[in-house]
Amino acid sequence: MKTADVPVFLLCGGLGTRIKEETEFRPKPMVPIGEHPILWHVMQIYARHGFRRFVLCLGFKADVVKDYFSNFHLHNNDCTIALKSNKMTVHESRVELDWEVTLAYTGEKNMTGSRVAQAARKYLGASEHFAVTYGDGLTDANLANEFRYHLAQKKLGTVLGVNPPSRFGEIKVEDNRVVEFAEKPDLENHWINGGYLFFQKNFLKYLSEDENCVLEREPLVELARAGGLNIFKHSGFWACMDTQRDREQLTKLVASGIAPWLK
């Protein structure tokens, strides 16, 4: 199966409360990193590896995302608009993207599992596999390799496992006595969900369209207990934009020209 045929469901409907200074007027995936919203960066990561079908699961301030993509060339190029005819001429387009973007409203307050279930029911089509990710995580992982691994392992699900450096030191204690103080703890065997997942179509039986269905809770927990979830380990770059500090660091990487996910 070619990556170009795999639909990618992007979760774009959350409130983004931990970065409220940026999300008061726009959803978190539309917060800019450099010239483009972080959602564009996430989609570029997939596009680098041949994925081109995107289904955006919208909720909070869905109109902002819809406006951006319905006026994509206007947002990303110089344009001349003839007001009488409403005809737009794009000058020296910098955009050559063979993307198919579906804008799917999945409820104002629905949780992640509910959003995927709703959107998949309408837009998965005949595809036997699909991808899921969030609109706020960036990586230089080879997603084509992850998908090939997913196909080869023949499990219902595959999660990108990452081990980002801890922001905090680690204290090891025995009977209230500090026995070791590590400024940078060893995380070699500490893996977390990196947010880039692949599933077989049959995984949908674990999901519900009920607004309280959270992908990361019962569905993934039950899948793991049933032995149906594999990990694709990635020790390279990964970052999640949870706070304003995170956003500033990612913006600096773009401005410096060394953003790993864009190379």
Chemist: Can you check whether Thr243's main-chain N or O pairs, donor with acceptor, with Asp246's side chain at less than 3.5 Å?
Modeler: yes
Chemist: Any side-chain to backbone donor/acceptor pair from Asp140 onto Phe237? Under 3.5 Å, distance only.
Modeler: yes
Chemist: Which pair of non-hydrogen atoms, one from Gly59 and one from Tyr105, has the smallest distance, and what is that distance?
Modeler: O-CE1, 3.6 Å
Chemist: Between the main-chain N or O of His49 and the side-chain N or O of Thr3, is there a donor-acceptor pair closer than 3.5 Å?
Modeler: yes
Chemist: Looking at every heavy atom in both Thr133 and Gly195, which two are closest together, and how far apart are they?
Modeler: OG1-O, 2.7 Å
Chemist: If I take atom CG from residue Leu160 and atom CG from residue Leu143, how far apart are they, to the nearest 0.5 angstrom?
Modeler: 7.0 Å
Chemist: Write down the atom of Val55, the atom of Ala119, and the distance for their closest heavy-atom approach.
Modeler: CG1-CB, 4.0 Å
Chemist: Could you go through the side-chain hydrogen bond (donor to acceptor under 3.5 Å, both in side chains) check for Thr158 and Glu146 one step at a time?
Modeler: CA-CA 8 Å; Thr158 301; Glu146 183 187 356; 5.8 Å; no
Chemist: Is there a side-chain contact between Phe54 and Val8, using heavy atoms and a 4.5 Å cut-off?
Modeler: yes
Chemist: Can any side-chain N or O of Thr106 pair as donor or acceptor with the backbone N or O of Gln118 at less than 3.5 Å?
Modeler: no
Chemist: Do Ser235 and Trp191 come within less than 4.5 Å of each other through their side chains, counting heavy atoms only?
Modeler: yes
Chemist: Taking atom OH of Tyr149 and atom NZ of Lys155, what is their separation to the nearest 0.5 Å?
Modeler: 9.0 Å
Chemist: Once you round to the nearest 0.5 Å, how far does NE2 of His41 lie from CG of Leu138?
Modeler: 7.0 Å
Chemist: Whether Asp242 and Lys28 form a salt bridge (side-chain N of Lys/Arg under 4.0 Å from carboxylate O of Asp/Glu) is what I want to check.
Modeler: yes
Chemist: Please name the pair of heavy atoms, one in Thr139 and one in Trp238, separated by the smallest distance, quoted to 0.1 Å.
Modeler: CB-CD1, 3.9 Å
Chemist: Parallel, tilted or perpendicular: which one describes the rings of Phe72 and Phe69, with boundaries at 30° and 60°?
Modeler: parallel
Chemist: Are the side chain of Ser127 and the backbone N or O of Leu124 linked by a donor-acceptor pair below 3.5 Å?
Modeler: no
Chemist: Run the side chain to side chain contact (heavy atoms under 4.5 Å, CB included) check on Tyr68 and Leu39 step by step: do they pass?
Modeler: CA-CA 11 Å; Tyr68 177 79; Leu39 176 60; over 6 Å; no
Chemist: If you compare all heavy atoms of Val42 against all heavy atoms of Gly137, which two are closest, and at what distance to 0.1 Å?
Modeler: CG2-O, 3.4 Å
Chemist: I'd like to check the ring pair (Phe, Tyr, Trp, His ring centres under 6.0 Å) partners of Tyr206; sequence neighbours left out, ordered by chain and number.
Modeler: Phe203
Chemist: Return the minimal non-hydrogen interatomic distance between Asp98 and Arg52, and the atom names on each side.
Modeler: O-NE, 2.9 Å
Chemist: Main chain of Asn212, side chain of Asp210: is a donor-acceptor contact present, judged purely on distance under 3.5 Å?
Modeler: yes
Chemist: Answer yes if the side chains of Asp5 and His129 hold a donor-acceptor pair under 3.5 Å, and no otherwise.
Modeler: no
Chemist: Can you get from Met241 to Ile258 by hopping between Ile, Leu, Val, Met, Phe, Trp and Tyr side chains that sit under 4.5 Å apart?
Modeler: yes
Chemist: At what distance, to the nearest 0.5 angstrom, does CZ of Phe60 lie from CG of Asn110?
Modeler: 14.5 Å
Chemist: Determine whether Arg115 and Cys213 make a side-chain contact, defined as any pair of heavy atoms from C-beta on separated by less than 4.5 Å.
Modeler: no
Chemist: Check step by step if side-chain hydrogen bond (donor to acceptor under 3.5 Å, both in side chains) holds for Asn142 and His234.
Modeler: CA-CA 9 Å; Asn142 188 316; His234 174 63; over 6 Å; no
Chemist: Just wondering, do Arg53 and Thr102 contact through their side chains at under 4.5 Å, heavy atoms?
Modeler: no
Chemist: Is the shortest side-chain heavy-atom distance between Asp136 and Arg247 below 4.5 Å?
Modeler: no
Chemist: Any chance the rings of Tyr196 and Tyr46 have centres within less than 6.0 Å?
Modeler: yes
Chemist: Given the rule that I, L, V, M, F, W and Y join up when any side-chain heavy atoms are under 4.5 Å apart, are Leu220 and Met111 in one cluster?
Modeler: no
Chemist: If you count the non-hydrogen atoms of other residues, nucleotides and ligands that lie under 6.0 Å from CZ in Arg217, is the total more than 12?
Modeler: no
Chemist: Please round to the nearest 0.5 Å and tell me the distance separating atom OH of Tyr134 and atom CG of Leu11.
Modeler: 6.5 Å
Chemist: How about Tyr123 and Pro7: do any of their side-chain heavy atoms sit closer than 4.5 Å?
Modeler: no
Chemist: Side-chain contact, heavy-atom cut-off 4.5 Å: Gln200 with His150?
Modeler: yes
Chemist: Give the cluster check for Ile192 versus Phe232: same hydrophobic cluster or not, with ILVMFWY residues linked at side-chain heavy-atom distances below 4.5 Å.
Modeler: yes
Chemist: With side chain to side chain contact (heavy atoms under 4.5 Å, CB included) as the test, would you mind laying out the steps for Phe130 and Leu204 before giving the verdict?
Modeler: CA-CA 10 Å; Phe130 62 98; Leu204 294 176; 3.8 Å; yes
Chemist: Is the backbone of Trp261 close enough, under 3.5 Å, to the side chain of Arg48 for a donor and an acceptor to pair up by distance?
Modeler: yes
Chemist: Please report the interatomic distance CD(Glu108) to CG(Leu58), rounded to the nearest 0.5 Å.
Modeler: 10.5 Å
Chemist: Below 4.5 Å, heavy atoms only, C-beta onward: do Leu156 and Leu229 meet side chain to side chain?
Modeler: no
Chemist: Are Val6 and Leu97 linked, directly or through intermediate hydrophobic residues, by side-chain heavy-atom contacts shorter than 4.5 Å (ILVMFWY only)?
Modeler: yes
Chemist: With a 4.5 Å cut-off on side-chain heavy-atom distances among I, L, V, M, F, W and Y, is there a chain of contacts connecting Val221 to Leu215?
Modeler: no
